[in-house]
Each structure stands twice: as C-alpha cells, then as structure tokens.
Amino acid sequence: MKKSIPVRLLGFVMVVATVMIACSPKQQADEIKILMEIRPEVNYVTHLYTLAELGFSDSVYAAKYGHTLPQAAIDTLQKYKEYLTFGQGENGPLSWFFFRVAQETFADADALKIIMDGYREEALGLGAPADEMAIPTAIANVYVENYDYYLREVYPQAKADMEERQQLLSQKVQELSFVKDWERVTGYKWNQGDYHWLLYRAGKNGPSYNNLNDSTNTVWYNQSVDYQLAMFSHEFGIFLMQDSIDSIVEEMKEYTRKLDSDRDLTYVPWGAFESLACWYNCKIAGQKTADYHAFGNADVQTFCEIYDSLSEDGISDPAELYRIGIMEYLK
C-alpha cells in the first residue's frame, strides 16, 4: 500500500514523505505482532514540546530536565506556538515537525540536519516562496542545535525510566486479541504489517496518543496499565478505520465550520471518530472500557447512544455509522 502524507507549510501545501508499505500474503496471514519500542527521536520531539509548553506538560520532567534546553530555544518555539501545536484533529500548519521528525531515525545532530535540509529543499522545489521559509528554518535550527546534548545528557536516563514499562506492556499485549476482534466487528482487514508503539518519557499531560504513520503510534510511558491497554485497542481501531473515514472527517470539518450555530462545533468530526472507536471498543470488551470515560471533550456518551440506535436500525459499516452519526448529533 502506498500512502502520501500531505503537509501544510504556512499557506503552502507540500508533500514531504511517501510511506511505502508492502505486505506479502504470508505476512498478512501470519499473526500481527504488536511491538513496544523505545527510540530517542520521538522522545526528543516530546522533550522539546514539553519544555517549551507546546500542548504537553510534565512538571516532574520539567523540574528534572528543564535546564537542558536553552532559554533562547524555548523562546523560539514559544514564538511560533500557534504553528506547532496540535490536538483534537486540529493541527497547526507546522505541527509536522513533531510527526515527521518523530518517525525518522537519525544518530546525531548532523544526521538530523541532513533531514531538515531535505525538507527545505522539497519545499522550495515545490515552489514555496523563500520568505515563507524563515519560520520553519528557525524551528529546524532549534531541533538540530540541541539534539546532541539531549542524546548525551537526557536520553540515557529517560530510556532507563521506560524500560520496565516496555517489558510490562510487551507482556500484556501478547495476551490480547484486539486485531482479530476489530476485524470481526468492523468487517475491515488489517494489511499494514506489524503494529508499533513508541514510548516516550516527557509529556505526561497532552495529546499523548499520536499516529506517526500507518502502523506506528506513540504513548506516554507511565499511564495506568488498564488505560493503556484500552487505548492500544482504541488507537488500532482508529488506524483500521482511517482509510474509509479520513476523507469524511475532512468533509465534516468543512461542513461544521460553515454551520450557523451558537455552539463551537469544530470538535464534532474529531469527537465522532474517537467516540466510534470507543463504541467498538466497548462492544469488543462487553463493557465500558477505560477510553469511554477518558474522552469527555468528545461527548462519547451521546455519540455512543446514537451509534447504538443506528446499529439497531441495521447500519453496520463504520464509515456510514460515522457520517450518519454526525448528522444525527447535529440535529
């Protein structure tokens, strides 16, 4: 499967990566592996976002490592906060710095600089005006200039903090069958190969479950185990349904923005999708799962009542449930 990741650079759209995923028939027939990994790259971007308060926070981490990021770097990231933050399906135009860098692998600052220079060349090659490159360049400089120090002074201890949790979660996920369970309740098939979770140490509070590509997600290392296991299933369901629902999400974003309403409806497309994942998760578990209680901003209870009603009427396709569910909710 080939999927392009579109990225918006200020007012200019560019494609910075094409992810190639190929699964042989044997891979698809084999049991999907759920891999729990620790890598410095995702920890580094979360480190930056936490210390610069870009939607993440962790007071214990900040007290321990706050001195490891110069004030000038924090000031630069804060200056462009509106471009960098993300959450509830609404991303700043430069939030791709978090996602793209987090999914890369690079050994040191020199290797990171090559990646950043590549982004710049792609943007310019696609016609981005040079004067629009000033902000991304300033952010990229912060990323590059502080990486070697992070690897040397922060990551070894951060990694040690996470290793025990990695072992525990790796053991727990082997006991779950949520891949087959989700395929059964949705009628969809997973064809992306092994499914990866990357643990990070910073950012206790924030948008902690983030997809980096078609089969990789991130998770803060020290949440309660019951919640993490529920979210592993929840986020896998989001991935499984994405291909059929993502285009409808964008359509619904445009639709809700145009509605004349006293209420802020921008959360609705995001909330409906998260709630659909909660609804299926509860069906799989036969009870209300931890994610059901965790998405207060999504109005899960109301959406799940709507999905129950639609299901009783014979609607079973996830994309149809999502689209009709939103229209029912907006009534």
Side-chain angles (χ1 to χ4, degrees), residues 5 7-12 14 16-17 39-87 90-124 128-159 198 200-208 210 212 218 220:
I5 302 175
V7 173
R8 184 169 296 279
L9 173 60
L10 300 182
F12 199 87
M14 66 175 180
V16 298
R39 289 203 290 102
E41 295 83 5
V42 68
N43 277 275
Y44 179 56
V45 293
T46 313
H47 169 84
L48 296 178
Y49 265 65
T50 299
L51 296 185
E53 299 180 352
L54 304 179
F56 290 85
S57 63
D58 185 336
S59 58
V60 173
Y61 186 93
K64 188 172 185 178
Y65 298 115
H67 67 283
T68 65
L69 190 62
Q71 187 61 46
I74 293 174
D75 291 344
T76 297
L77 296 176
Q78 268 288 314
K79 182 178 180 180
Y80 303 121
K81 181 174 183 175
E82 65 180 292
Y83 298 107
L84 293 167
T85 53
F86 57 90
E90 297 294 327
N91 296 341
L94 295 178
S95 60
W96 61 268
F97 269 98
F98 182 96
F99 296 99
R100 286 294 294 123
V101 174
Q103 75 176 31
E104 295 280 4
T105 300
F106 40 87
D108 53 30
D110 289 340
L112 176 54
K113 185 176 187 304
I114 292 172
I115 290 171
M116 292 298 190
D117 289 346
Y119 294 162
R120 176 181 174 81
E121 292 303 314
E122 287 189 65
L124 293 173
D131 60 356
E132 283 199 1
M133 296 303 298
I135 296 175
T137 298
I139 296 168
N141 288 341
V142 170
Y143 273 62
V144 172
E145 291 167 2
N146 295 282
Y147 188 55
D148 282 344
Y149 185 83
Y150 170 83
L151 286 178
R152 184 173 65 251
E153 300 297 331
V154 179
Y155 183 64
Q157 182 58 53
K159 182 174 185 291
L198 299 180
Y200 59 76
R201 168 65 180 86
K204 179 177 181 180
N205 299 305
S208 57
N210 303 297
L212 302 182
T218 63
W220 189 67

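Side chains are part of it too, since the values below use all heavy atoms of this structure and drop only hydrogens, waters and symmetry mates. Note that the numbering runs from 1 along the sequence shown for the chain.
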Distance-only, no hydrogens or angles: does the Thr46 side chain make a donor-acceptor pair with backbone N or O of Ala202 under 3.5 Å? no
Identify the heavy atoms of Thr76 and Ala138 that sit nearest to each other, and give their distance. CG2-O, 4.0 Å
To the nearest 0.5 Å, tell me how far Asp108 CG sits from Lys113 NZ. 12.5 Å
Between Met116 and Val144, what is the shortest heavy-atom contact and its length? CG-CG2, 3.9 Å
Is the number of heavy atoms from other residues, nucleotides or ligands within 6.0 Å of CD (Glu53) greater than 12? no
Which distance, rounded to the nearest 0.5 Å, do you find between the CD of Glu41 and the CG of Leu212? 10.5 Å
Inter-residue atom distance Leu51.CG - His67.NE2, 0.5 Å rounding: 10.0 Å
Can you classify the ring geometry of Tyr150 versus Tyr147 as parallel (below 30°), tilted (30 to 60°) or perpendicular (above 60°)? parallel
In sequence, state the C-alpha distance, the side-chain angles, and the governing distance for Leu151 and Tyr44, and then conclude on side chain to side chain contact (heavy atoms under 4.5 Å, CB included). CA-CA 8 Å; Leu151 286 178; Tyr44 179 56; over 6 Å; no
Indicate the atoms forming the closest heavy-atom contact of Ala73 with Val142, along with that distance. CB-CG1, 3.8 Å
So do the side chains of Phe106 and Val101 get within less than 4.5 Å of each other, counting heavy atoms only? yes
Would Asp75 and Lys79 pass as an ion pair if we require N to O under 4.0 Å? no
Can you confirm whether more than 12 heavy atoms, excluding those of Lys204, are under 6.0 Å from its NZ atom? no
Counterpart residues, side chain to side chain donor-acceptor pair (under 3.5 Å), relative to Gln157 (two or more places apart): Asp161
At their closest point, which heavy atom of Thr50 faces which heavy atom of Asp58, and how far apart are they? CG2-N, 3.8 Å
Taking side chain to side chain contact (heavy atoms under 4.5 Å, CB included) as the criterion, tell me which of Trp96, Phe98, Tyr49 meets it with Leu84. Tyr49
What residues, two or more places apart in sequence or in another chain, satisfy salt bridge (charged side-chain N to carboxylate O under 4.0 Å, His left out) together with Asp148? none
Phe86 and Phe56 aromatic ring geometry - parallel, tilted or perpendicular at 30°/60° bounds: perpendicular
Rounded to the nearest 0.5 Å, how far does CG of Leu48 lie from CZ of Phe97? 11.0 Å
Give me the atom names and distance for the closest heavy-atom approach of Glu104 to Tyr119. OE2-OH, 3.4 Å
Would you say Val42 and Gln103 make side-chain contact, with heavy atoms under 4.5 Å? no
Distance col, row Asn205:CG vs Tyr61:OH, nearest 0.5 angstrom, shows 14.5 Å
Side chains of His47 and Tyr200, donor plus acceptor under 3.5 Å: no
For residues 134-143, the side-chain hydrogen bond (donor to acceptor under 3.5 Å, both in side chains) pairs (sequence neighbours left out) are Arg120-Thr137
Can you tell me how far apart CG (Leu94) and OH (Tyr80) are? Round to the nearest 0.5 Å. 10.0 Å
Smallest separation among heavy atoms of Asn146 and Pro70, with atom names: OD1-CD, 3.1 Å
